[in-house]
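Below is one structure; the comments refer to it alone.
The figures here come from the full heavy-atom set of this structure, side chains too, leaving out hydrogens, waters and symmetry mates. One-based numbering, in listed order, for ligands and for the atoms of each. Every value quoted in this text rests on a predicted model; they were computed, and no experiment measured them.
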Amino acid sequence: MREQLMKIRQDASSALAKADSVAAIEDIRIQFLGKKGDLTAVLRGMGGLSAEERPLIGQLANEVRAFIEEEIEKANEILKAKEGLARLATEGLDVTMPGKPNVIGHKHPLTMVLDEMKSIFIGMGYEIAEGPEVELDYYNFEALNMPKHHPARDTQDTFYIDETVILRTQTSSVQIRTMENQQPPIKIICPGRIYRSDEIDATHSPIFHQLEGLVVDKGVTMGDLIGTLKLFVKNIFGENTNIRLRPHHFPYTEPSAEVDVTCWVCGGAGCRVCKQEGWIEILGCGMVHPKVLENCGIDSEIYSGFAFGIGVDRTAMGRFGIDDIRLLFENDIRFLNQF
Ligand SMILES: [Zn+2]
């Protein structure tokens, strides 16, 4: 019986050495260790053994079983390693092949123009101020000299969250928030997204962008405002660009003006883009209304200031020759890749 067991041990070992698949190894396990396997068959004959021999043979049988189980495990591991090597050989990495280039995006045309505008004003000593897009009616209208039912509100109809909370129609709300918290001298720009309940067409969008500027100090005059705007347009549209002021009315500035710049397409000669005028309107401005200063706790007898609001979208459209504002918001990659 001892010899039988040793032979099983030997046979299983050499069979496993030749096994070349998971299935083959499983067959060997069944052949030697299964219920009808060789080892079980030997153990069945143990009844005929003497009482002294039985435990000894029993122990040997257990050892043989443990040995075969261990050999099966090893064979499986070797097989796995071999399969791994084979896969490496067939699916090998060719390090000389050219790589796939990473597609890196770039700034949106609006962001490009806005960054340029910001850097021009930062160069003139302005600081950037920011505020909420979801704004209180007070900061967007009332503090800017537009009480409830003021007709000027009609031209700035917006989206109402409730009676007192709205989506801001201009970044002037940030000017109010700044003046409330800071005494002059104040010299800020407020860039940001604004909202109006306009129908979407080639020149209108319910969302657009504005950059407003505010300067409040002793002795600030309209001359300072005009000088600032001239410097700005020459920087952004070119040295030969000039400005033209047309009297206008805003509730928050007095006097107020709308500002045109020399047409960036024809240089002032007249063309389709400027409707033969030679000028294109890009911003509104004026001297801060004394009442607005007083609303913010600034003494209008001592201080004066000017403010202006520039359309970022319109500036970007002029800068890049874009004829439809919707292109700026559709985020069509074929369009954006042109910049
Ligand atoms: Zn023109």
Side-chain angles (χ1 to χ4, degrees), residues 106-121 123-124 155-156 169-171 189 191-194 196 198-213 222-250 253 255-286 306-332 334-339:
H106 62 77
K107 285 181 186 170
H108 191 280
L110 269 179
T111 312
M112 291 182 197
V113 167
L114 188 56
D115 282 352
E116 209 172 313
M117 291 166 79
K118 282 187 205 165
S119 73
I120 291 170
F121 285 107
M124 288 192 252
T155 59
Q156 293 191 15
T169 62
Q170 49 190 354
T171 49
I189 50 168
R193 194 172 291 145
I194 58 171
R196 306 263 172 106
D198 285 339
E199 291 291 328
I200 300 176
D201 63 24
T203 51
H204 292 87
S205 160
I207 300 176
F208 53 108
H209 301 78
Q210 202 174 36
L211 181 143
E212 292 203 358
M222 196 94 183
D224 298 318
L225 169 60
I226 293 169
T228 302
L229 295 177
K230 272 190 179 167
L231 198 58
F232 168 71
V233 299
K234 284 179 191 297
N235 267 289
I236 199 124
F237 295 118
E239 194 51 43
N240 294 324
T241 312
N242 213 336
I243 56 168
R244 173 177 84 170
L245 275 72
R246 285 177 288 107
H248 195 73
H249 173 262
F250 299 114
T253 45
S256 307
E258 280 191 329
V259 178
D260 304 332
V261 294
T262 318
C263 175
W264 44 71
V265 178
C266 63
C271 70
R272 190 181 58 86
V273 173
C274 60
K275 299 188 181 88
Q276 308 307 325
E277 293 248 330
W279 298 94
I280 295 175
E281 184 205 328
I282 60 152
L283 64 96
C285 65
F306 66 75
F308 54 86
I310 307 168
V312 178
D313 313 73
R314 188 170 287 190
T315 307
M317 287 166 77
R319 191 60 193 280
F320 294 122
I322 300 165
D323 58 5
D324 193 324
I325 196 172
R326 289 170 288 198
L327 291 165
L328 292 173
F329 304 114
E330 282 167 354
N331 287 331
D332 186 330
R334 293 165 301 180
F335 168 74
L336 296 175
N337 274 340
Q338 297 171 38
F339 303 97

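A perpendicular orientation is assigned to the rings of F335 and F339, their planes being inclined by more than 60° (bins at 30° and 60°).
The CG atom of D313 lies 6.0 Å from the CG atom of L328; values are rounded to the nearest 0.5 Å.
Two residues are said to be in side-chain contact when any heavy atoms from C-beta on lie closer than 4.5 Å; F308 and T253 fail this criterion.
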Enumerate donor-acceptor pairs with a distance under 3.5 Å from any side-chain N or O in residues 269-278 to protein atoms, sequence neighbours excluded.
{"from": "Q276", "atom 1": "NE2", "to": "C271", "atom 2": "O", "distance (Å)": "3.4"}

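A salt bridge links D332 with R334: at least one charged nitrogen is closer than 4.0 Å to a carboxylate oxygen.
Within a 6.0 Å radius of CG in N331, other residues, nucleotides and ligands contribute more than 12 heavy atoms.
The Zn ion (ligand 1) has C263 SG, C266 SG, C271 SG, C274 SG as its protein N, O or S neighbours under 2.8 Å.
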